[in-house]
Number of protein chains: 2
Amino acid sequence: MTAAHTTIADPYPSRLSAPADNFPRTHPAVWGKEKSGPFTPIAVQRYGNNGFHIEEGMLTPAQVQQCWSEVERLQNNIELDKMGAIVRECHSGSVRSMFAVHEVSPLIDQLIRTPRILNRARQILGSEVYIHQSRINCMPGFSGSGFYWHSDFETWHSEDGMPLPRALSMSIALTDNYPFNGGLMLMPGSHKTYIPCVGETPKDNYKKSLQRQQIGVPDEETITKLAYEFGVEQFTGPAGSALFFDSNTMHGSANNITPFPRANIFVVFNSVENALREPYAGTAPRPQYLGNRDATPLTPVHDSPFD
Amino acid sequence: MTAAHTTIADPYPSRLSAPADNFPRTHPAVWGKEKSGPFTPIAVQRYGNNGFHIEEGMLTPAQVQQCWSEVERLQNNIELDKMGAIVRECHSGSVRSMFAVHEVSPLIDQLIRTPRILNRARQILGSEVYIHQSRINCMPGFSGSGFYWHSDFETWHSEDGMPLPRALSMSIALTDNYPFNGGLMLMPGSHKTYIPCVGETPKDNYKKSLQRQQIGVPDEETITKLAYEFGVEQFTGPAGSALFFDSNTMHGSANNITPFPRANIFVVFNSVENALREPYAGTAPRPQYLGNRDATPLTPVHDSPFD
C-alpha cells in the first residue's frame with residue numbers, strides 16, 4: 001500500500017507563464033509575540049505597518065570607521081574572489097557587491113551577532129534566526145548604477161526555496177545617505193501585497209541578475225499602481241543608521257552621479273523555522289553565498305567592538 | 001594707415017587643449033542695482049550667494065494644468081519636429097526636450113512675459129532681457145535618464161557666443177518634484193567659480209550633447225572638489241514651484257526609476273547688453289532654437305491666464 005500523494009499548492013507562486021493578479025500576503029511581517037526586546041513597541045508597530053523601520057545611530061562613528069576599513073580590506077579578499085562572491089559593475093568593473101562577508105570577516109560576524117542587532121531580528125521573526133545572506137554593497141560616486149524595483153522574497157522563494165516571508169534585511173549605512181546619492185527607496189505598506197512575476201527563470205540567472213535584474217521584477221503597470229497607492233520613501237541618514245525591512249517590501253534605487261559614494265552592510269536574517277527547501281522556480285539552488293542552506297541558529301557574542 | 005589690431009583675451013576660456021586651473025568669476029550674479037522688484041531683498045541676496053533661488057507657488061494648480069495640456073499638445077507639433085527642436089531619449093525614443101516652445105505656443109509666450117516673471121529676470125540681470133532659449137524638459141517615469149554635471153554658461157559661451165555670465169534660467173515644475181524622481185541638483189555657491197573644460201568642440205556637437213553631454217563637462221576631480229566644498233542641494237517642491245538659477249551654477253540630475261514623471265518649463269533670460277557674438281569655441285553657431293541671436297527686448301503682457 002502506498003501513501004496518498006498530497007499536492008500542497010505554493011502560497012507564493014511566481015515566474016509564471018502568464019500574468020496573475022496580485023493578492024494580499026497571508027503571513028504577518030511581525031512574527032514575534034514578545035512585547036520586550038531592543039525594538040520599542042512603536043518601532044515594532046511601524047515595522048509591521050510600513051514593512052520597514054529606520055534606527056539612527058546603530059553604529060557609533062568609530063564603529064563605522066572600523067567597518068569601513070574592513071570593507072576596503074575585503075575588496076582584495078582572494079577567498080571571496082575565488083568563490084565568485086564579488087560582483088562588479090557592468091561598465092567600470094569596480095566592486096558593486098561582496099557576498100558572504102560574515103564568513104571571511106570576524107568583525108562583520110561579531111557585528112551581526114551583537115545582541116542589540118541579533119535580538120532585533122529575533123524579536124521581529126519570533127524565533128531563533130540564521131543568516132540567509134550577508135553582503136556589502138558599494139555604490140561609487142559618478143557611475144554607481146541602481147537596482148530596479150523588486151521584492152527580495154520573490155527571488156529568495158523562487159531561486160533559493162525560502163518557504164515564507166519570515167525573513168528581514170538589515171542595511172547599515174557606512175556612508176551618509178543623502179536623498180540624492182542613490183539611497184534605497186521603499187514603498188511603505190507594499191510588503192502586504194504579493195506580486196507574482198512573469199517569466200521562466202534562466203539557468204544561473206543570478207550571474208546576470210546581480211548586475212541587472214530582469215526576471216522576477218514586476219511590470220511597470222504594477223509598480224505604478226503600487227507607487228500611487230503607497231508612495232515612496234527613502235532611506236536617508238548619517239553613517240551608522242540602520243534600516244530594517246521585510247523581505248517582501250518593494251524597493252529599488254536610482255543611480256548616483258554625485259561624487260559621494262555610498263556603501264552599506266546588508267544582512268538577511270531568516271527564521272530557523274523557515275529553512276530553505278528546493279527552489280520554487282524548479283531551478284538548481286543558487287550558491288551558498290547567495291542563499292545559505294545551513295539554518296544553524298546564530299549565537300550572540302559579547303565583548304565585541306560593537307558592544 | 002591701418003587701425004591697430006587689439007587682441008582682447010577671452011575672460012572665460014574653455015574647450016582647451018590642456019587642463020587649466022579654475023578661477024574666480026569676475027562678474028557678478030546679480031547685475032541689478034534696483035532694490036525694488038518682485039524678488040524680495042532676501043531672495044536677491046540668496047540668489048547672489050547661492051547662485052539660485054526657489055519660489056514656491058509661482059503658478060497656481062490651474063495654471064500648471066493649462067501648461068501641462070500645452071505640453072501634451074506640443075509633443076505632436078509638426079513645426080517643432082521639422083526644425084529638429086524635439087530631442088528624444090537615446091533608448092526609448094520618448095520626448096526628452098522640446099525647444100523654442102515660446103515661438104510656437106502663445107500660452108508659453110504669455111507665461112514668460114507675465115510681469116511677475118519677466119520683472120524678476122530684469123531685476124537680477126539689471127537691464128532689459130530677451131529669451132536665449134526656451135524649452136520643455138520631460139523625464140518620463142521608469143526610464144528617464146539624467147543630465148551629468150555642467151555649467152550652462154560654459155556651453156552658451158563656447159558654442160553660442162554669449163560673452164558674459166549675465167543670463168539666468170527659470171525652471172517651473174509642472175509635476176511635483178520629489179527628491180527621488182530625478183530633480184535638478186545644484187551646488188550652492190559654485191557659480192562663483194569658473195571651470196575651463198578640456199576638449200575640442202566637434203562639429204554639430206549639440207546633436208549629441210542634448211542627449212548625453214561629453215564635451216564641456218568638468219572632470220571628476222573638479223566635480224568632487226566642488227561637491228565637497230559647496231555641497232549639493234535639490235530643487236524639490238510641488239508643481240508650480242519656480243527655480244531661478246545663474247548661468248554658471250554647477251548642476252545635474254540623476255535618472256528616474258520611479259513611476260512619477262517629471263516635466264518642467266525652462267526659460268533662459270539673457271541681458272540685451274550681453275547679446276551673442278561669434279561662438280568662442282570657433283565653431284558655427286548652434287541653431288536659433290538653441291541660441292537665439294535676436295536680442296530684441298521682451299515686452300510685458302497683461303491680461304493673460306497667468307495674471
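Chain letters run A, B, ... following the sequence lines, proteins first, then strands; residues in each count from 1. For the numbers below, each heavy atom of this structure counts, side chains included, while hydrogens, waters and symmetry mates do not.
Ring pair A:Phe244/A:Tyr47: centre-to-centre distance not below 6.0 Å.
When each of B:His157, B:Glu154, B:Glu200 is paired with B:Arg15, the side chain to side chain donor-acceptor pair (under 3.5 Å) condition holds for B:Glu154 and for no other.
Only the backbone of A:Ser253 comes within less than 4.5 Å of a heavy atom in chain B; its side chain stays farther off. Proximity to chain B is limited to the side chain of A:Gln234, based on heavy atoms less than 4.5 angstrom apart.
Of all the listed residues (B:Asn256, B:Ile223, B:Thr236), the one sharing the greatest number of non-hydrogen pairs under 4.5 Å with chain A is B:Ile223. The candidate with the highest count of non-hydrogen atom pairs below 4.5 Å against chain A, out of B:Gly141, B:Gly252, B:Ala254, B:Pro179, is B:Pro179. Most heavy-atom pairs under 4.5 Å with chain A, from the set B:Tyr178, B:Tyr228, B:Phe180: that is B:Phe180.
Atom CD of A:Gln75 has more than 12 heavy atoms from other residues, nucleotides or ligands within 6.0 Å.
Between B:Phe230 and B:Met250, every side-chain heavy-atom pair lies at or beyond the 4.5 Å cut-off.
Side-chain contact annotation: A:Asn248 with A:Ser151, donor-acceptor N/O pair under 3.5 Å present.
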